[in-house]
There are 2 protein chains.
Amino acid sequence: MEADVCKRLGGNLKRLRTAAGRSQEDFAHDADIHRTYISDLERGARNPTIRVVDRLAKALGVSMGDLLD
Amino acid sequence: MEADVCKRLGGNLKRLRTAAGRSQEDFAHDADIHRTYISDLERGARNPTIRVVDRLAKALGVSMGDLLD
DNA sequence: GTGTGACTCTGAGTCCGTC
DNA sequence: CGACGGACTCAGAGTCACA
């Protein structure tokens with residue numbers, strides 16, 4: 001909870017994506033987001049807008065809170 | 001739930017802020033965000049980054065999920 | 001399959017106001 | 001107190017070649 005928001009998102013994203021057994025490439029395609037951008041996000045190297053996070057959540061079938069809290 | 005993310009955030013923000021009995025100006029100061037930007041956010045006219053939403057959540061004492069879900 | 005630096009262009013975020 | 005407009009700067013969106 002004390003980690004940076006971007007790191008938190010990155011960790012949650014990677015955890016949920018791998019739990020679903022999907023590669024970054026496949027997931028990027030489903031979420032309609034560039035492959036390298038997903039890579040950046042999972043590393044916590046980007047500070048995305050809520051519209052991007054919304055697309056991630058929908059593609060994973062989870063709530064935004066699951067990705068950010 | 002099907003509304004745009006920005007509209008959802010705006011509604012939740014306004015509801016939680018007024019429930020706490022605070023003005024946009026005071027709240028903007030606490031969250032260290034400009035007053036005009038808070039106004040824009042509550043109207044759903046902006047697409048903020050997750051770092052901004054994190055500051056909003058902390059200033060309100062709620063989780064990010066409370067603001068976005 | 002994924003990490004990374006570099007790039008362009010759009011919009012996030014700030015600040016000046018007025019109504 | 002809050003909506004809204006104009007103008008500005010810099011960071012995010014989106015992409016690529018390469019490691």
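Here is the naming used below: chain letters follow the sequence lines, and residue numbers restart at 1 for every chain.
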Sugar-phosphate, base or nothing in reach of A:Gln24, heavy atoms under 4.0 Å = sugar-phosphate

What is the nucleic acid contact for A:Arg55, judged by heavy atoms within less than 4.0 Å: base, sugar-phosphate only, or nothing?
-> sugar-phosphate

Nearest-Å distance for atom pair [atom1]/[atom2], residues [X] and [N]:
X: B:Arg22; N: D:dG2; atom1: CZ; atom2: C1'; answer: 17 Å
X: A:Phe27; N: C:dT2; atom1: CZ; atom2: C1'; answer: 15 Å
X: A:His34; N: D:dG12; atom1: NE2; atom2: C1'; answer: 16 Å

Under the side-chain hydrogen bond (donor to acceptor under 3.5 Å, both in side chains) test, which residues partner A:Gln24, sequence neighbours left out?
-> A:Glu42

Any N/O donor-acceptor pair, A:Arg51 side-chain to D:dG12 base, under 3.5 Å = no

Between D:dG2 and B:Arg17, is there an OP1 or OP2 to side-chain N/O distance shorter than 4.0 Å?
-> yes

Side-chain N,O (B:Lys14) to OP1/OP2 (D:dC1) below 4.0 Å | no

Upstream residue (5' side of DNA chain D) when A:Ile50 and B:Glu25 are each assigned their closest nucleotide = B:Glu25

Do you know the tightest heavy-atom contact between A:Ala28 and A:Arg35?
-> CB-CA, 3.6 Å

Of all heavy-atom pairs linking A:Asp66 and A:Arg15, the shortest is O-NH2, 4.4 Å

For residues 36-49 of chain B, which residues have at least one heavy atom under 4.0 Å from DNA chain C?
-> B:Thr36, B:Tyr37, B:Arg46, B:Asn47, B:Pro48, B:Thr49

Option among B:Val52, B:Leu67, B:Val5 that satisfies the side chain to side chain contact (heavy atoms under 4.5 Å, CB included) test with A:Ile50 = B:Val5

Run through B:Leu56, B:Leu16, B:Asn12, B:Leu13 and flag the one making a side chain to side chain contact (heavy atoms under 4.5 Å, CB included) with B:Val62.
-> B:Leu16

Does a salt bridge link B:Arg51 with B:Asp54, judged by any charged N lying under 4.0 Å from a carboxylate O?
-> no

